[in-house]
**Student:** 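This is the structure I have questions about; it appears just below.
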Amino acid sequence: MAATETQAALLSESDLRERIERWASMEHGSASPGEHAVAAMLADELRGYGLQPRVEEEQVHGGYWLPIGIPTALAALAGVIGGAFAAVAGLFSAAAVADDINCERHWFRKLFLPKRITHNVVADVGRADAERTLVFIAHHDAPHAGLVFHPELPRAWARKYPKLLEHAKTTPPTMWGSFFGPLGVSLATVFGFKKLRLFSALLSAGYAAAMADIGLRRVVDGANDNLSGVAASMSLAKALAADPPENTRVILLFPGSEEGFQEGMRAWFLRHRHELPRESTIFVNHETVGSPHLALLEGEGMLGITDYPEDLKDFIQRVADELGIFLWRELRTRNASDSLIPLRAGYKCALFASCDDLKAPTNYHWYTDTPENVRYGTVADMARLSLELARRLDS
């Protein structure tokens, strides 16, 4: 792969914007007809680059407000009623929530909730029998808005307390209460702590109300989260199709239903992990890369944070420095993205995101997540850095 010629094949900022505007014009929530339509558009563009994409259908639920909202509502009701019902229902609800937010088996939604179809778009570049595999991930579904995602919530305190912001390197544990509320109902009932039981019931009710609010609101445009990541991966696809790697199999993966807690990625990984040896496979995730500053996250996870491997982060940092691309470091998120699935299965992974000066992604899950609010220079840097990573790993 020749560096100069290949970099020139990347999409321009105006091309990136045109694509994001076109994809965002269609409502594309998880496992929806719009998600399917965007998946078809992505496949058509990949074919235009001479690739042979596949659109893989997977059965999913397509949201998280019911898998979290129903157990927390049950725990709230149980906490008011008390007795053996509260002990059992609280423990059941805590187990259901913990499994779901940890992206484990998703047993509650599989047993009790309706299913829809999500669409994963996949294209390969390079030899199928290459000695190493590099998987670039960028989910293509958009989230629902919710009051808990109001842009001022992570910013008002940061502006007021700049010293606190300076030391803040991990996002707040926003989902902990959805687990500890139901668990508190159960344990407080068993040990006879009535006030703690009622407080835990109130906490659980708060989460149930927040989930109801999210489920009732419309899907946002999703320009930053995550059409920015899709555009970066599409730019990379164009360049790699023009100059394929010689020693690396590159998989361009666009999962659906990430906003349903990584359902599309989890299904794809379970279907294909036998093809991906741990010792020779690397995953790179493009997740919300249209804020002012590109960020290489240190780790993520809702209940417990799993760090990304240091040697891969150090390698990426060196390449970014050589390209003159600034990477915000030392940030961890108590959310979850698609790359958490292979990371916890023992694969080397890296997670790219983006943030503003207040260390928060811009317009996250809000109605202002529109194409005109994306920083296209950051998206272009993401594509440029990813292409150089692919070139270095290939050589």
Side-chain angles (χ1 to χ4, degrees), residues 1 31 39-40 42-43 45-47 49-60 103-106 110 117-141 226 229-230 232-234 236-241 243-258 260-287 306 308-309 311-312 315-316 336-352 386-387 389-395:
M1 301 172 70
L42 300 181
E45 179 151 351
L46 292 166
R47 289 188 195 97
Y49 297 150
L51 303 179
Q52 297 180 327
R54 309 178 302 281
V55 180
E56 300 178 355
E57 295 186 352
E58 301 289 355
Q59 191 177 73
V60 300
C103 308
E104 298 286 349
R105 296 180 298 278
H106 286 169
K110 287 180 179 178
I117 299 298
T118 195
H119 298 83
N120 296 330
V121 182
V122 192
D124 287 30
V125 186
R127 298 187 352 253
D129 62 346
E131 60 191 57
R132 69 180 62 86
T133 300
L134 183 56
V135 185
F136 286 97
I137 310 166
H139 76 86
H140 62 88
D141 60 315
N226 183 44
V230 173
S233 286
M234 194 60 74
L236 177 65
K238 178 176 180 288
L240 291 177
D243 185 11
E246 297 177 0
N247 306 303
T248 307
R249 177 194 181 195
V250 175
I251 300 175
L252 299 154
L253 172 60
F254 303 88
S257 202
E258 189 270 353
F261 286 1
Q262 296 74 53
E263 288 180 299
M265 179 64 192
R266 185 176 183 278
W268 182 88
F269 185 70
L270 292 176
R271 182 186 294 271
H272 294 285
R273 66 179 297 178
H274 68 279
E275 308 166 13
L276 306 168
R278 281 194 190 92
E279 64 276 7
S280 60
T281 302
I282 296 174
F283 290 82
V284 176
N285 190 6
H286 297 159
E287 172 61 53
T306 303
Y308 285 88
D311 57 344
L312 181 56
F315 169 69
I316 291 171
S337 74
D338 280 337
S339 48
L340 188 61
I341 304 295
L343 177 66
R344 288 184 170 170
Y347 287 83
K348 282 196 173 183
C349 305
L351 170 58
F352 287 101
S386 294
L387 181 59
L389 291 174
R391 190 183 72 82
R392 298 284 183 95
L393 290 170
D394 188 58
S395 61

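Excluded from the calculations below are hydrogen atoms, water molecules and symmetry mates; all remaining heavy atoms, backbone and side chain alike, are included.
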**Student:** Do M265 and L253 have side chains that approach each other closer than 4.5 Å (heavy atoms only, starting at C-beta)?
**Tutor:** yes
**Student:** Drop me the distance from T281's OG1 to E279's CD, to the nearest 0.5 angstrom.
**Tutor:** 7.5 Å
**Student:** What pairs with Y49 under ring-ring contact (aromatic ring centres under 6.0 Å, His included), at least two apart in sequence or on another chain?
**Tutor:** none
**Student:** Would you name the heavy atoms of C349 and P309 that are closest together and state the gap between them?
**Tutor:** O-CD, 3.4 Å
**Student:** Is it true that E246 and R127 have a side-chain N and a carboxylate O under 4.0 angstrom from each other?
**Tutor:** no
**Student:** How close do L46 and A237 get, counting heavy atoms only, and between which atoms?
**Tutor:** CD2-CB, 3.7 Å
**Student:** Quick one: does L42's side chain get under 4.5 Å of M234's, heavy atoms only?
**Tutor:**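 In contact.
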**Student:** What pair of heavy atoms forms the shortest contact from A336 to C103, and how long is it?
**Tutor:** CB-SG, 4.2 Å
**Student:** Is the closest side-chain heavy-atom distance between I282 and L393 below 4.5 Å?
**Tutor:**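 Side chain of I282 against side chain of L393, heavy atoms only: contact under 4.5 Å found.
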**Student:** Identify, with sequence neighbours excluded, every residue that meets side chain to side chain contact (heavy atoms under 4.5 Å, CB included) alongside Q52.
**Tutor:**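 Expected list: none.
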**Student:** With H119, which residues qualify under ring-ring contact (aromatic ring centres under 6.0 Å, His included), at least two apart?
**Tutor:**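 Only H36 meet the ring-ring contact (aromatic ring centres under 6.0 Å, His included) criterion with H119.
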**Student:** Any chance you could measure Q59, atom CD, to K110, atom NZ, to the nearest 0.5 Å?
**Tutor:** 10.0 Å
**Student:** Examine distances only and state if a side-chain atom of D141 and a backbone atom of G256 form a donor-acceptor pair shorter than 3.5 Å.
**Tutor:**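 No: the side chain of D141 does not pair with the backbone of G256.
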**Student:** Nearest 0.5 Å, what's the CG-CG distance between L236 and L389?
**Tutor:**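 Answer for the CG-CG pair, L236 versus L389, is 9.5 Å.
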**Student:** Taking salt bridge (Lys or Arg N to Asp or Glu O under 4.0 Å) as the test, write out the residues that go with E263, two or more places apart.
**Tutor:**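 Listed in chain order: R109.
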**Student:** Can you list the residues that meet the side chain to side chain contact (heavy atoms under 4.5 Å, CB included) rule with A345, with sequence neighbours excluded?
**Tutor:**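 So A345 forms a side chain to side chain contact (heavy atoms under 4.5 Å, CB included) with F269, R273, Y347.
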**Student:** Under a plain distance cut-off of 3.5 Å, with no hydrogens placed, do N285 and S337 share a side-chain donor-acceptor pair?
**Tutor:**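 Yes - a donor-acceptor pair under 3.5 Å links their side chains.
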**Student:** Which atom names give the shortest non-hydrogen contact between H274 and R271, and what distance separates them?
**Tutor:** CE1-O, 3.2 Å
**Student:** For H139, which residues count as a ring-ring contact (aromatic ring centres under 6.0 Å, His included) partner, sequence neighbours excluded?
**Tutor:**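 Scan of H139 (ring-ring contact (aromatic ring centres under 6.0 Å, His included), adjacent residues dropped) gives none.
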**Student:** Can you sort out the partners of N226 under side chain to side chain donor-acceptor pair (under 3.5 Å), two or more places apart, ordered by chain and number?
**Tutor:** none
**Student:** Under the side-chain contact (heavy atoms from CB on, under 4.5 Å) rule, what do L240 and L387 come out as? Steps first, then yes or no, please.
**Tutor:** CA-CA 8 Å; L240 291 177; L387 181 59; 3.7 Å; yes
**Student:** If I compare all heavy atoms of I316 with all of A350, which pair ends up nearest, and what's the gap?
**Tutor:**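 Shortest heavy-atom separation between I316 and A350 comes out as CD1-CB, 3.5 Å.
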**Student:** Do L343 and F283 have side-chain heavy atoms sitting under 4.5 Å apart?
**Tutor:**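 Of all side-chain heavy-atom pairs linking F283 with L343, none is under 4.5 Å.
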**Student:** Which residues satisfy the salt bridge (Lys or Arg N to Asp or Glu O under 4.0 Å) test with R54, sequence neighbours excluded?
**Tutor:** E56, D124
**Student:** According to side chain to side chain contact (heavy atoms under 4.5 Å, CB included), who are the partners of R392, at least two apart in sequence or on a separate chain?
**Tutor:**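 F315, V319, E322, E388.
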**Student:** Checking I137 against F254 for the side-chain contact (heavy atoms from CB on, under 4.5 Å) test, could you report, in this order, the C-alpha distance in whole Å, the side-chain angles of both residues, the deciding distance, and whether it holds?
**Tutor:** CA-CA 6 Å; I137 310 166; F254 303 88; over 6 Å; no
**Student:** With rounding to the nearest 0.5 angstrom, report the OG to NE2 distance, S233 to H140.
**Tutor:** 11.5 Å
**Student:** At what distance, to the nearest 0.5 angstrom, does CZ of R132 lie from CG of N247?
**Tutor:**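 The CZ atom of R132 sits 6.0 Å away from the CG atom of N247.
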**Student:** As an exercise, state the distance from CZ of F352 to OG of S386, rounded to the nearest 0.5 Å.
**Tutor:**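 Reported value, rounded in 0.5 Å steps: 5.5 Å.
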**Student:** Passes side-chain contact (heavy atoms from CB on, under 4.5 Å), V125 versus L51? Steps please.
**Tutor:** CA-CA 7 Å; V125 186; L51 303 179; 3.8 Å; yes
**Student:** If you compare all heavy atoms of P53 against all heavy atoms of A43, which two are closest, and at what distance to 0.1 Å?
**Tutor:**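 Heavy-atom minimum between the residues: CG-O, 3.3 Å.
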**Student:** Between T133 and I251, is there a side-chain heavy-atom distance shorter than 4.5 Å?
**Tutor:** yes
**Student:** Could you work out, with side chain to side chain donor-acceptor pair (under 3.5 Å) as the rule, every residue matching R278, not counting sequence neighbours?
**Tutor:**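 Listed in chain order: nothing, the list is empty.
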**Student:** Scan residues 336-352 for pairs that pass salt bridge (charged side-chain N to carboxylate O under 4.0 Å, His left out), counting only residues two or more places apart or in two chains.
**Tutor:**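 Matches after skipping sequence neighbours: D311-K348.
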**Student:** Checking side-chain contact (heavy atoms from CB on, under 4.5 Å) for the pair V122/L252: CA distance, chi angles, key distance, verdict?
**Tutor:** CA-CA 6 Å; V122 192; L252 299 154; over 6 Å; no
**Student:** Side chains of P255 and W268, heavy atoms from C-beta outward: is any pair under 4.5 Å?
**Tutor:**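 A side-chain contact is absent here, since even the closest heavy-atom pair is not under 4.5 Å.
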**Student:** Using only atom types and a distance under 3.5 Å, with no angle test, would you say the side chain of R266 pairs donor to acceptor with the backbone of E104?
**Tutor:** yes
**Student:** Please list, chain by chain and in numerical order, all residues satisfying ring-ring contact (aromatic ring centres under 6.0 Å, His included) with F136, sequence neighbours excluded.
**Tutor:**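 For F136 the ring-ring contact (aromatic ring centres under 6.0 Å, His included) partners, ignoring immediate neighbours, are H286.
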